[in-house]
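We count ligands from 1, going down the list as the structure has it; atoms in each ligand are counted the same way.
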Amino acid sequence: MILKNIRVPLVGILAFCVITAAAATRTEEKKPPRHGIKQPHPMHTPSKEYILYKDWRQPVEARVEDLLKRMTLAEKIGQMTQIDRVNITSQIMKDYMIGSLLSGGGSVPKAHATPKDWVDMVNDFQKGSLQTRLGIPMLYSIDAVHGHNNVYKATIFPHNVGLGATRDPELVKRIGAATALETVATGIPYAFAPCIAVCRDPRWGRCYESYSEDHTIVQQMTDIIYGLQGQPPSNYPKEYPYMEKGKVLGCAKHFVGDGGTVNGINENNTIIDWNGLLNIHMPAYLDSIRKGVSTIMISYSSWNGVKMHANRDLIINYLKGALKFQGFVISDWQGIDRITSPPNANYTYSVEASVNAGIDMIMVPYDYKGFISNLTLLVNKQVVPMSRIDDAVRRILRVKFIMGLFEKPLYDYSLADKVGNQEHRELAREAVRKSLVLLKNGKQPNSPLIPLPKNTTRILVAGKHANDLGSQCGGWTIEWQGMSGNNLTKGMFKGTTILGAISSTVNPRTEIIYSENPSTELINNNKFDYAIVVVGEPPFAETNGDSLNLTIPEPGPSIIKNVCGSVKCVVVVVAGRPLVVEPFLQDMDALVAAWLPGSEGHGVTDVLFGDYGFTGKLARTWFKNVNQLPMNVGDQKYDPLFPFDFGLTTNPIPKDY
Ligand code: GLC
């Protein structure tokens with residue numbers, strides 16, 4: 001549904017509505033509802049009363065106001081409530097008029113759930129919501145942050161830190177579109193992506209979710225919103241939420257300054273003046289709003305000691321006031337509980353402070369009765385004004401009308417085969433190729449090791465990360481924290497390990513010896529033409545990834561020393577951020593930052609063996625030692641091992657070579 005001239009003065013809106021309504025009664029129904037399933041025309045109920053908000057031909061704002069004035073306080077607060085799906089039934093959705101559900105990381109219908117299982121689950125909850133008095137459909141959301149990553153056999157794309165190294169917004173837009181398609185295929189219309197954090201310290205456990213330390217790269221990568229939601233036409237209001245049919249709502253997160261906390265401590269305090277916040281952490285929000293992002297999620301962190309979840313000045317006065325954001329603002333998971341220290345010390349205060357700060361939808365996610373009763377009490381005592389409730393519900397309804405949820409609340413199985421399809425895997429493989437950064441190539445000038453020869457007698461592949469799809473994908477994959485190993489027994493992943501890619505790339509006559517941690521005997525008793533050493537970090541998410549030392553976990557360093565001390569070696573680092581490599585650099589013939597490449601390991605061998613050239617550029621400064629941190633491009637004191645924007649290039653080997 002494309003809206004025209006939305007931001008006209010009120011009288012214009014009224015006139016506009018009258019004009020449109022008149023037009024609607026005159027013209028035959030030009031467009032069928034937004035899905036194939038024929039349903040009784042939504043405009044007329046059995047009583048034959050005309051219900052404006054159910055008429056898809058009415059202007060969005062008219063539908064919003066018509067529905068809002070019909071709603072009770074309980075119905076309004078229900079819309080502001082988002083809960084996790086676990087232990088929820090469609091009856092609860094109906095009885096409590098819950099406006100939104102989510103799958104927290106790993107919260108799936110069942111292990112190995114197929115797209116049809118997902119569609120059935122979401123539709124079942126939706127049917128409960130559609131049975132409420134006003135029939136307001138609920139909004140189902142999920143963290144599809146590097147593909148539809150909770151879902152069995154979905155395509156897993158590189159995490160954002162790798163995408164920043166591609167410097168390719170068009171690629172990232174295509175990834176957004178593929179992610180949207182796989183998400184819609186499971187009946188889910190809302191993704192908590194993109195994370196537009198500007199990670200200023202790699203000790204932050206979520207740094208891999210950030211495209212770059214440089215806000216200009218993060219700004220460019222907000223083009224993913226066009227892929228997720230669709231691209232608004234040029235005459236579409238810039239601050240207005242947007243979503244096309246067959247797409248998903250996006251969510252720019254986490255507002256604001258999540259990547260700037262002290263020592264990268266997750267959910268901690270970002271100490272920076274207003275200009276610093278505006279110049280580093282805010283620009284990508286202006287781009288996201290301009291590109292029509294429909295929702296914005298608040299950060300757990302604080303700005304100069306003020307919790308963002310209670311920051312009325314930044315949410316109401318700046319985001320909604322100065323920036324005129326017209327979508328809805330959502331809290332993070334138990335984000336309001338963490339306003340107090342310890343968390344939940346005074347939940348009534350948390351509800352009051354967060355809602356009065358301008359948060360529209362609260363990701364509760366479990367105690368919905370507690371949230372609803374507290375907010376009801378606060379409104380009845382006029383501690384939270386009804387005008388604040390109405391602003392929140394107006395924004396939520398606006399998004400639900402714009403995305404066509406009233407016309408198409410239920411999904412079907414028609415896109416099921418899009419999940420993990422070959423086209424998306426090829427796209428992911430392209431993204432891996434373009435994300436890898438070649439940091440060293442040869443111990444002597446003009447003695448490059450890369451591209452590696454495919455036709456050799458014997459090669460050594462060493463390190464657990466060569467044969468570990470879970471670590472290759474990182475956190476936010478199947479489980480919230482990710483899953484190391486290949487889980488082939490549980491069949492959780494479909495993809496190619498780096499070892500698997502090597503095996504199918506080198507000449508079949510080449511002997512490949514693989515060892516997670518090769519012994520001195522193995523190394524010395526065989527003549528290897530070269531070795532590929534793949535080391536890195538285990539999967540993790542959020543605070544579990546905070547690290548003050550950023551060392552490569554053992555036996556990584558030992559493997560590097562043992563192997564590279566005897567065999568020509570390329571070291572491939574699988575990690576969501578720069579790690580301590582300086583002490584081992586002189587041992588290596590070549591060094592590659594692979595970041596967290598995801599399911600398509602072939603993207604790594606494509607550039608290692610020269611089918612494609614290396615093009616990636618560091619989107620993050622690679623430090624010498626952690627005592628230098630934080631250290632970012634532009635700092636006066638800047639003495640990196642590899643500077644921001646560094647990356648060696650190689651030429652692809654001609655196919656007929
Ligand atoms: C998490 C994250 C946020 C995510 C949300 C829902 O704690 O902070 O990025 O979207 O909860 O899973």
Minimum heavy-atom distance Arg167-Phe644, with the two atoms named: NH2-CZ, 3.8 Å
side-chain contact (heavy atoms from CB on, under 4.5 Å) involving Asp367 - partner list, sequence neighbours excluded: Lys369
Partner residues of Arg577 under the salt bridge (charged side-chain N to carboxylate O under 4.0 Å, His left out) criterion, sequence neighbours left out: Glu537
Summary of ring-ring contact (aromatic ring centres under 6.0 Å, His included) pairs that have at least one residue in residues 74-94, sequence neighbours excluded: none
Exercise: do Asp214 and Thr216 side chains pair donor with acceptor under 3.5 Å: yes
Tyr366 and Trp333 aromatic centres sub-6.0 Å: yes
Within the protein, residues bringing a heavy atom under 4.0 Å of ligand 1, chain by chain: Leu102, Asp143, Phe192, Arg206, Lys253, His254, Met297, Tyr300, Asp332, Trp333, Met363, Trp476, Glu542
